[in-house]
Amino acid sequence: QVQLVESGGGLVQAGGSLRLSCAASGRTFSNYHAAWFRQAPGKEREFVAAISRTGVNTYHTDSVRGRFTISRDNAKNTVYLQMNSLRPEDTAVYYCAASAYVLTPSQLYDEVKYTYWGQGTQVTVSA
């Protein structure tokens, strides 16, 4: 079992920045792929970014590439999402997820491959 707790969400103006953190506990976190997903009101949850177990490989969805950066510190059992140049359309609940499966790059985008989820943190970007 892995427990995930997100933090760092809040209200920010367009163009601003936030850094989300996801603290993991329970098992050796370096054994898990990690990812961020988000869900806007009235929309389905969507993939944002993923990172491999060692942190060497990262993947970002097109809409955030160049603005958001996923990273991890396995010594601290924490995954981060640095969000810059925020836009109103980035408003959503952001969820951290972890997977113990061996995932191919194409599978990292699939939320059903992730076993463990945090409770989510709200990010609101005002125009």
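This structure is a prediction, so every number in the text was calculated from the model and none was measured.
For Arg87, there are no salt bridge (charged side-chain N to carboxylate O under 4.0 Å, His left out) partners at least two apart in sequence or on another chain. Checked against side chain to side chain donor-acceptor pair (under 3.5 Å), Gln39 has no partners two or more places apart in sequence or in another chain. Residues forming a salt bridge (charged side-chain N to carboxylate O under 4.0 Å, His left out) with Arg45 (at least two apart in sequence, or on another chain): Glu111. For Arg72, the salt bridge (charged side-chain N to carboxylate O under 4.0 Å, His left out) criterion is met by no residue, not counting sequence neighbours. With sequence neighbours excluded, the residues that form a side chain to side chain donor-acceptor pair (under 3.5 Å) with Ser17 are Asn84.
Gln107 approaches Val102 most closely through the heavy-atom pair OE1-O, 3.8 Å. Residues Gln122 and Val93 approach most closely at OE1-CG2, 3.2 Å, considering heavy atoms. Summarising the geometry of Ser99 relative to Lys113, their closest heavy-atom pair is OG-O, 2.8 Å, with the distance given to 0.1 Å. In terms of heavy-atom proximity, Ala23 sits nearest to Thr78 at CA-OG1, 4.2 Å. In this structure, Ala14 and Ala127 approach most closely via the heavy-atom pair CB-CA, 4.4 Å.
For the residue pair Thr91 / Glu89, no side-chain donor-acceptor distance below 3.5 Å is found, with atom types taken as modelled. Thr104 and Ser106 share a donor-acceptor pair across their side chains, judged by distance under 3.5 Å alone.
Checked against a 6.0 Å centroid threshold, the rings of Phe47 and Tyr59 do not count as neighbours.
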Would you sort out whether Arg53 and Ser30 count as a side chain to side chain contact (heavy atoms under 4.5 Å, CB included), showing the intermediate values? CA-CA 5 Å; Arg53 294 172 173 138; Ser30 58; 5.7 Å; no
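Atom CD of Gln13 is surrounded by 12 or fewer heavy atoms from other residues, nucleotides or ligands within 6.0 Å. Around CD of Gln1, the count of heavy atoms belonging to other residues, nucleotides or ligands within 6.0 Å does not exceed 12.
Hydrophobic cluster of Tyr32: the remaining members, joined at side-chain heavy-atom separations below 4.5 Å, are Val2, Leu4, Val12, Leu18, Leu20, Phe29, Trp36, Val48, Ile51, Val64, Phe68, Ile70, Val79, Leu81, Met83, Leu86, Tyr94, Tyr116, Val123, Val125, listed by chain and number.
Using a 4.5 Å heavy-atom threshold, the side chains of Ser25 and Gln3 count as touching. Within the 4.5 Å cutoff, no side-chain heavy atoms of Tyr109 are placed close to those of Thr61. The shortest distance between side-chain heavy atoms of Tyr114 and Tyr101 does not fall below 4.5 Å.
Rounding to the nearest 0.5 Å gives a distance of 11.5 Å between CZ of Arg19 and OG1 of Thr69. Gln82 CD to Arg67 CZ: the interatomic distance, rounded to the nearest 0.5 Å, is 12.0 Å. Rounded to the nearest 0.5 angstrom, Ser52 OG and Leu108 CG are separated by 8.5 Å.
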